[in-house]
Student: 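Supplied in structure tokens, the structure appears directly below.
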Amino acid sequence: MKKVQLIICILLIFSTISAIVISDCYSYNKSNPLLNKQWYLQNNGNKDAITESADYRDYLEMKCGADISATEMWKILLSHEYNQNVIVAVIDTGVDYLHEDLQDSIWINTDEIPGDGKDNDNNGYIDDIHGYNFCNDNANVLEVQQNAGENGHGTMCAGIISASDNNVGILGIAGYTNISIMSLKVLDSEEEINSGNVSSIIKAVKYAEANGAQICNLSLCIAEYDDELKETMEESDMLFVVPAGNGSGRGIDISKKHVFPASYKLDNMIVVANMNYNGRLNKSSNYGLDYVDVAAPGTCIISTYPQNSYKYASGTSMSTAVVTGIAAVLYGTTNDMTAGKAKDLICLSVDINEDLIMRITSGGSVNGENALKMVLGFKQ
Amino acid sequence: MKGVLMKKIISIVLSICMILCALPIQAFAKNLSIEESLANIVGKDLVTPRLIEKAKNDIDNLESVGFESNRLNIEKVSKSGEITYKFRLTDEIESRITAIEDSQGSLVLNIYEGTKHNELVYLSDGGLLVDGNRVEISFEVINEKKEVAQNTECIAFANARYSQYSTSPFVSSSTYTDFIKSYKANKNAWGVETIVNLTATVVAAILSASISGISVGGSIAISIFAYTASAMINYVYIYGMEDAYWSYEFDKYESTESWSLERHYKYTGACYSRRNQDPNGAKFPHTFYEFNFFS
């Protein structure tokens, strides 16, 4: 009898230890204290990561593995020698470039002398050290959350893409890449949502290209078709990552009702839908078999917020930043990456998902590890 | 002596193992309520993962169009696996709902309230069908605040914020003084010959779907429109339909306590029994509040 008890006991201890060891297989680099809340990097099924978010729904399960395989991607990346500098333009509400988690990855225009009131590099813009503010036609792109139009959106996108591995806050997807965030402010409204002019967005895209950006994160939607914006994007060599857009409650099929720039159908543009933490398309996310390329985590996403703080947000804007982060990693590994190649790599390396297969061109959600393996495979 | 000690050790180890084994289960404790609800109805043996997944997906779908999950309960499960939900619109009004998401992405709801039955379809193009008739959902913005109107060339919607809605103010009611803009919808279809045949839940859902477009935080909770919907049905029951269309107008105000992180809005206006806000028809005044924030 005692032997039986002992055997049961040993089995229980073994199973318990196994469970702990297995769960630890998904453990993160603990130096970034909020990393365990970044479920989208490596989803271990623990809801504690998101219960503080307003978009958390207790009836939805947290699906282990519904993520971008960031940990595995970084493992491969860190064993890779090449680390090309990548400039990512965040065309948005500005960026808090003084944020503790972003200050190391902010683009600096070394050809410009700050604050001298001159256009030292003759690029048409005065004192554009970190980017340019196309709303107010000045070089102030610092998002400080004191002005009504600055609601943290740009700072959150920047954090998802590039937050540093620096023992504070979160870790950006391209946090191990030699990345520079160029802040181009085009949204600055006193109203409840960010608004801006298409002409500002066009100027920002042209500025980004002229000043060396390879990727544009355009986490915004435009109410109407604009031919000039489409042409500007189409003629650019940059990769554009744009959102499928959020429905007014329930997402819509943008094949039936267009939203822009998502419906431009460009070879150098990736359109992104919002995958929920349960591995399914978020009900608020737009979709469209003919227009939306991939899904990416975009619900309950924690990221940097102005003045050294961190917040959760949800929406296709966040999903867009996730894909931009992966694209930046890919660009960083090689000097011959093109927009078309990056798009193909990201779309071909998705995790096929039964919920997405009828709604999204690639039929799945992005997987950084697979995409990176494909890049390195191409090189070999 | 050794035996007693061994028993104690085994007892302690087993206790620890039991506690450790229980930990991961507790993380899903809240989800068990759906499983338990289903188990109470069909019996534990018949609660399949597929059935649980359907229930969760149904609730997610219903919440996406304004049916608050905290007002929903699972009521019954058919032999084919169709789940009927009880939706508490008000303390007095309850409806029964079944939900199907078709392959085109449309959400088909069958709503029962007393002897009434309506089919509500949320189309994948953003449209809405009531018993097969398309509801005209549109609105225009008028009297926009001057500095906002300068940016009419383009609107970029970030939409990475979250909204809560209530018929009660989230901050002091006297602070909602900053006029933002007015909205008008001059021609929204009833969808049927008379709304007397519609359930209050469906009328509230039509109002929610129509008016949600004026806010930035997703669907407005259907219960916000419960009393307006009931009043409209009762009015038509007594006086009959006055027009083939209804209309609405809302003025939007912002609270002086708003700041970039937390925005407070008030929508105050009315629904009208005739198109173009015709004052000769009936007017159903309505006020609700929005709290828009980053979480």
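Here is how names work: the chains are called A, B, and so on, in the same order as the sequence lines, proteins then strands, and each is numbered from 1. Just so we're clear, the structure is a prediction, and the values are computed from it rather than from any experiment. What you see below is based on every heavy atom in this structure, not just the backbone, and it leaves out hydrogens, waters and symmetry mates.
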Student: What are the two closest non-hydrogen atoms of B:Ser219 and A:Gly249, and how far apart are they?
Tutor: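 The pair with the smallest heavy-atom distance is OG-CA, 3.2 Å.
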Student: Please determine whether the number of non-hydrogen atoms from other residues, nucleotides or ligands lying under 6.0 Å from atom CD of B:Glu119 exceeds 12.
Tutor: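 Above 12, so yes.
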Student: Nearest 0.5 Å, what's the CG-CG distance between B:Leu123 and A:Asp253?
Tutor: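 So the gap between those two atoms works out to 11.0 Å.
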Student: Can you confirm whether more than 12 heavy atoms, excluding those of A:Lys256, are under 6.0 Å from its NZ atom?
Tutor: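 Counting other residues, nucleotides and ligands, NZ of A:Lys256 exceeds 12 neighbours.
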Student: Below 4.5 Å from any heavy atom of chain B, which atoms of A:Tyr287 appear? Answer side chain, backbone, both or neither.
Tutor: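 It is the side chain, since no backbone atom gets that close.
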Student: Name the region of B:Ser208, side chain, backbone, both or neither, that has any atom closer than 4.5 Å to a heavy atom of chain A.
Tutor: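 For B:Ser208, no heavy atom lies under 4.5 Å from chain A.
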Student: What heavy-atom pair brings A:Arg250 and B:Gly105 nearest, and what distance separates the two atoms?
Tutor: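 Between these two residues, the closest heavy atoms are NH2-O, 3.4 Å.
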Student: Identify which of B:Glu63, B:Gln104, B:Gln164 forms the greatest number of heavy-atom pairs closer than 4.5 Å to chain A.
Tutor: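 Option with the top pair count is B:Glu63.
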Student: Is the shortest side-chain heavy-atom distance between B:Asn57 and A:Lys283 below 4.5 Å?
Tutor: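 In contact.
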Student: Test of understanding: with salt bridge (charged side-chain N to carboxylate O under 4.0 Å, His left out), list the residues that count as partners of B:Asp60, not counting sequence neighbours.
Tutor: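 Residues passing salt bridge (charged side-chain N to carboxylate O under 4.0 Å, His left out) with B:Asp60: none at all.
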Student: Among all residues two or more places apart in sequence or in another chain, which pass the side chain to side chain donor-acceptor pair (under 3.5 Å) test with B:Asn70?
Tutor: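 Counting only residues at least two positions away or on another chain, B:Asn70 forms no side chain to side chain donor-acceptor pair (under 3.5 Å).
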Student: With the side chain counted from C-beta on, respond yes when B:Lys56 and A:Arg280 share a heavy-atom pair under 4.5 Å apart, and no when they do not.
Tutor: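 No. Closest side-chain heavy atoms not under 4.5 Å.
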Student: By a 4.5 Å heavy-atom criterion (distance strictly below it), what part of B:Glu101 contacts chain A: side chain, backbone, both, or neither?
Tutor: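 Only the side chain of B:Glu101 comes within 4.5 Å of chain A.
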Student: Measuring heavy-atom distances to chain A, does B:Ile220 have an atom under 4.5 Å in its side chain, in its backbone, in both, or in neither?
Tutor: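 For B:Ile220, neither part sits under 4.5 Å from chain A.
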